[in-house]
Amino acid sequence: LVPVVILIVGPATWVEKFPEARGTRQSPVDIVTSRASSGGSAPPLVWRYSVNHPRSVVNPGYCWRVDENGYDSELRGGPLGSDVYKLQQWHCHWGSVNGEGSEHTVDGRAFSGELHLVHWNTSKYNSFTEAAGQPDGLAVLGVLLMVGSKHDELDKVVRLLPYIQHKGDKVTFSEPLNPANLLPKRIAYWTYPGSLTTPPCTESVTWILFKEPVQVSAEQVRLNLCYYVNGKNV
Ligand SMILES: NS(=O)(=O)c1ccc(CCNC(=O)Nc2ccc(Cl)cc2)cc1
Ligand SMILES: [Zn+2]
């Protein structure tokens, strides 16, 4: 008999180091559209982002991330009560090579990728780190990405990826970028109380996942995949 050693390195081991991962409101989830209740009389979701401040894209060792460096922005309304949230960073999950890298699924269907705009509650907390530990501390706008036409705003990031191939690499944008242009035209969304989708998996995120996917070109998906296959640079 050949001894079978099962090396578990994925989410199943996260509970060992991050007890939160065993929680009751863990993300991502499958959105079962038939079970979603209508939003009723929730106020509209409102956002405002600064466009002309210098931004840089960094390779944190997985995916890529754009830090907002405290520049002014606001997200309020919808499921967020009377609190005002501020954009901290945004990043993209492209996942495995089969082009189904989204974290959330809709009726069991995965998408090619998923963009996350991570905001923190400035009405109640004094820093992102503090807010990230509180049940109402964070709000993440999720945008599902599907292969279609080229996305011009996202291309301002994608075209920089060849310059940040190694963990810790960072490159500054040479042109203004408006995060609002990364969002879909129609702003219908699903929302639920959840968690960070990666360690420390803290249950501090009000998830707001837009229903309408945003189109990116096959080349843009390929460029992301070839640089970040399962978090490794290839
Ligand atoms: N995937 S989330 O929005 O729930 C999320 C937001 C913030 C954190 C805390 C900071 N860590 C971080 O940003 N990590 C990260 C970045 C890019 C990718 Cl692609 C994967 C993980 C963790 C998860
Ligand atoms: Zn994310």
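We number each residue from 1, following the sequence as shown. Whatever order the structure lists them in is the order used to number ligands and atoms, beginning at 1.
Listed by number with element, the atoms of ligand 1 under 4.0 Å from a non-hydrogen atom of His116 are 1 (N), 2 (S), 3 (O). Counting the atoms of ligand 1 from 1 in the order shown, those under 4.0 Å from a heavy atom of Trp207 are 3 (O), 4 (O).
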Would Glu153 and His151 count as a side chain to side chain donor-acceptor pair (under 3.5 Å) here? Give the steps.
CA-CA 6 Å; Glu153 203 71 8; His151 195 291; over 6 Å; no
Before giving the answer on side chain to side chain donor-acceptor pair (under 3.5 Å), spell out for Asp136 and Tyr125 the whole-Å C-alpha distance, their side-chain angles and the decisive distance to 0.1 Å.
CA-CA 10 Å; Asp136 59 353; Tyr125 307 111; 2.5 Å; yes
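Protein heavy atom at the shortest distance from atom 14 (N) of ligand 1 is Tyr62 OH, 3.6 Å. Summary of contacts: the protein heavy atom closest to atom 22 (C) of ligand 1 is Thr198 OG1, 3.4 Å. The protein heavy atom nearest to atom 4 (O) of ligand 1 is Thr197 N, 2.9 Å.
The nearest N/O/S atom of His93 to the Zn ion (ligand 2) is NE2. Closest N/O/S atom of His116 to the Zn ion (ligand 2): ND1.
The distance from atom OH of Tyr192 to atom CG of Leu209, rounded to the nearest 0.5 Å, is 7.5 Å. For the atom pair Glu175 CD and Lys156 NZ, the distance stands at 5.0 Å (nearest 0.5 Å). Atoms CG and CG, from Leu182 and Leu177 in turn, are 6.0 Å apart once rounded to the nearest 0.5 Å.
At a 4.0 Å cut-off, not a single heavy atom of Val205 sits close enough to ligand 1 to count as contact. The closest approach between Gln89 and ligand 1 falls below 4.0 Å for a heavy atom of the residue.
No donor-acceptor pair closer than 3.5 Å links the side chain of Ser217 to the backbone N or O of Ser149. Side chain of Ser123 to main chain of Val84: a donor-acceptor pair is present (N/O by atom type, distance under 3.5 Å, no hydrogens or angles).
In terms of polar-atom proximity, His93 is counted as a contact of ligand 1, with an N or O under 3.5 Å from an N or O of the ligand. Between His91 and ligand 1, a contact under 3.5 Å exists for at least one N or O pair.
One side chain, Gln220 or Asp155, offers a donor N or O that lies under 3.5 Å from an acceptor on the other.
Looking at Thr202, Leu196, Asn59 and measuring to atom 5 (C) of ligand 1, the nearest heavy atom belongs to Leu196.
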